[in-house]
Amino acid sequence: MIAKISSSNSLAATLGYNFKKVEKHEASVLLVQGLFQDRNGRYSRAQVLADMLRTIPERCRTKKTVFHCSLNPHPDEKLSDEALSRIAAEYMEALGYGAQPYIVFRHNDIPRAHIHIVSLRVDSEGQKIDDRFERRRSKRITDALEAKFGLLPSRKKEDVSAQPSAVEIGTGDIKRQVAATVQYVLGRYAFQSVGEMNLVLARFRVTAEEVKTERK
């Protein structure tokens with residue numbers, strides 16, 4: 001799952017982009033945190049904008065107050081609204097935005113299931129949400145979510161060709177070479193048995209053995 005995070009100083013424009021997709025039936029509101037529904041139980045662009053702006057103090061020094069993120073699972077994943085909602089909520093909690101107001105949109109303008117999340121980078125006291133090493137932390141979170149929900153791993157295009165060389169004894173750190181090989185193979189293939197995995201590992205001069213132990 002690939003996360004693309006951006007900052008903006010225009011909440012109206014960011015919400016407008018997503019709500020226009022809703023109006024064109026190319027997106028839907030999937031999940032909302034800390035915002036009010038209208039009388040018909042829906043969320044309008046005007047009401048969401050007003051609610052979010054109301055939480056930003058007048059004397060706020062942060063210029064780019066808008067958090068905008070898209071979460072993009074592997075194209076082959078077929079995820080339900082419930083699964084995407086859980087993923088979005090856990091992602092925001094882990095990144096430090098669990099208590100912030102936010103709205104999640106599911107975009108269906110392309111076949112690949114993906115979501116957009118709009119939130120605020122400052123809390124009700126005007127304090128900025130910690131964004132140090134944000135993209136690095138985000139990558140760790142998406143990797144953990146892939147493992148938890150059993151998702152296919154996604155990699156950016158530039159990572160696809162990063163295939164390690166076959167392990168060479170006496171050349172460099174053996175442990176590091178094996179770790180790179182295993183990480184590459186497990187990140188790109190799914191196996192039903194150790195034997196299946198070894199068919200791929202053999203290309204890199206690596207073999208896996210199943211070790212069974214007993215404990216009292």
Side-chain angles (χ1 to χ4, degrees), residues 1-6 30-31 69-98 102 104-117 130-216:
M1 182 162 49
I2 297 174
K4 298 180 180 180
I5 303 175
S6 63
L30 194 63
L31 177 67
C69 172
S70 68
L71 290 180
N72 305 270
H74 190 282
D76 292 338
E77 291 286 6
K78 305 299 180 184
L79 297 174
S80 66
D81 287 352
E82 180 182 0
L84 286 173
S85 295
R86 289 179 59 196
I87 288 170
E90 294 194 23
Y91 176 84
M92 292 296 278
E93 182 69 33
L95 196 60
Y97 288 83
Y102 62 81
V104 182
F105 300 86
R106 176 173 183 153
H107 285 220
N108 53 34
D109 50 341
I110 58 176
R112 173 175 50 81
H114 67 292
I115 58 178
H116 283 245
I117 309 172
D130 185 8
D131 63 350
R132 290 174 296 179
F133 308 109
E134 185 175 66
R135 283 172 173 76
R136 189 183 304 175
R137 291 190 289 118
S138 173
K139 179 64 170 58
R140 288 200 296 265
I141 294 167
T142 55
D143 285 349
L145 288 172
E146 284 181 346
K148 178 176 181 177
F149 288 89
L151 305 180
L152 295 170
S154 297
R155 297 291 183 269
K156 291 184 179 179
K157 291 182 179 179
E158 57 267 29
D159 292 334
V160 174
S161 61
Q163 177 174 319
S165 301
V167 173
E168 291 283 351
I169 297 176
T171 303
D173 187 333
I174 295 298
K175 184 182 290 187
R176 189 179 298 274
Q177 291 184 60
V178 172
T181 296
V182 173
Q183 183 178 10
Y184 176 84
V185 170
L186 294 182
R188 288 159 177 77
Y189 302 92
F191 307 99
Q192 298 297 321
S193 67
V194 175
E196 288 183 5
M197 182 168 64
N198 276 328
L199 289 175
V200 179
L201 288 175
R203 305 175 193 171
F204 304 93
R205 303 195 187 106
V206 175
T207 301
E209 293 183 6
E210 184 177 3
V211 178
K212 296 183 178 180
T213 61
E214 292 183 1
R215 291 184 178 180
K216 293 183 180 180

Taking the side chain as every heavy atom from C-beta outward, state whether [X] and [Y] have any pair of such atoms under 4.5 Å apart.
| X | Y | result |
| --- | --- | --- |
| L71 | I117 | yes |
| E90 | F149 | yes |
| L79 | I87 | yes |
| R86 | L145 | no |
| E168 | R205 | yes |
| Y91 | C69 | yes |

[X] (side chain) donor-acceptor with [Y] (main chain) under 3.5 angstrom:
| X | Y | result |
| --- | --- | --- |
| H74 | D76 | yes |
| R137 | R132 | yes |
| R112 | N72 | no |
| T142 | S138 | yes |
| N198 | T207 | no |

Nearest heavy-atom neighbours spanning [X] and [Y]:
| X | Y | value |
| --- | --- | --- |
| G150 | E77 | O-OE2, 4.2 Å |
| S165 | T181 | O-OG1, 4.3 Å |
| I115 | A88 | CD1-CB, 3.7 Å |
| R106 | S80 | NH1-C, 3.6 Å |
| A208 | M197 | CB-CE, 3.6 Å |

| query | Counting only heavy atoms not in R176, do more than 12 fall under 6.0 Å of its CZ? | reply |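 No, because the 6.0 Å sphere around CZ of R176 holds 12 heavy atoms or fewer from other groups.
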| Whether Y184 and F204 hold their rings parallel, tilted or perpendicular, with breakpoints at 30° and 60° |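 Geometry flag for F204 against Y184: perpendicular rings.
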| Quick one: CD1 on I2 to NZ on K139, what's the gap to the nearest 0.5 Å? |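 Between I2 CD1 and K139 NZ, I get 9.0 Å after rounding to 0.5 Å.
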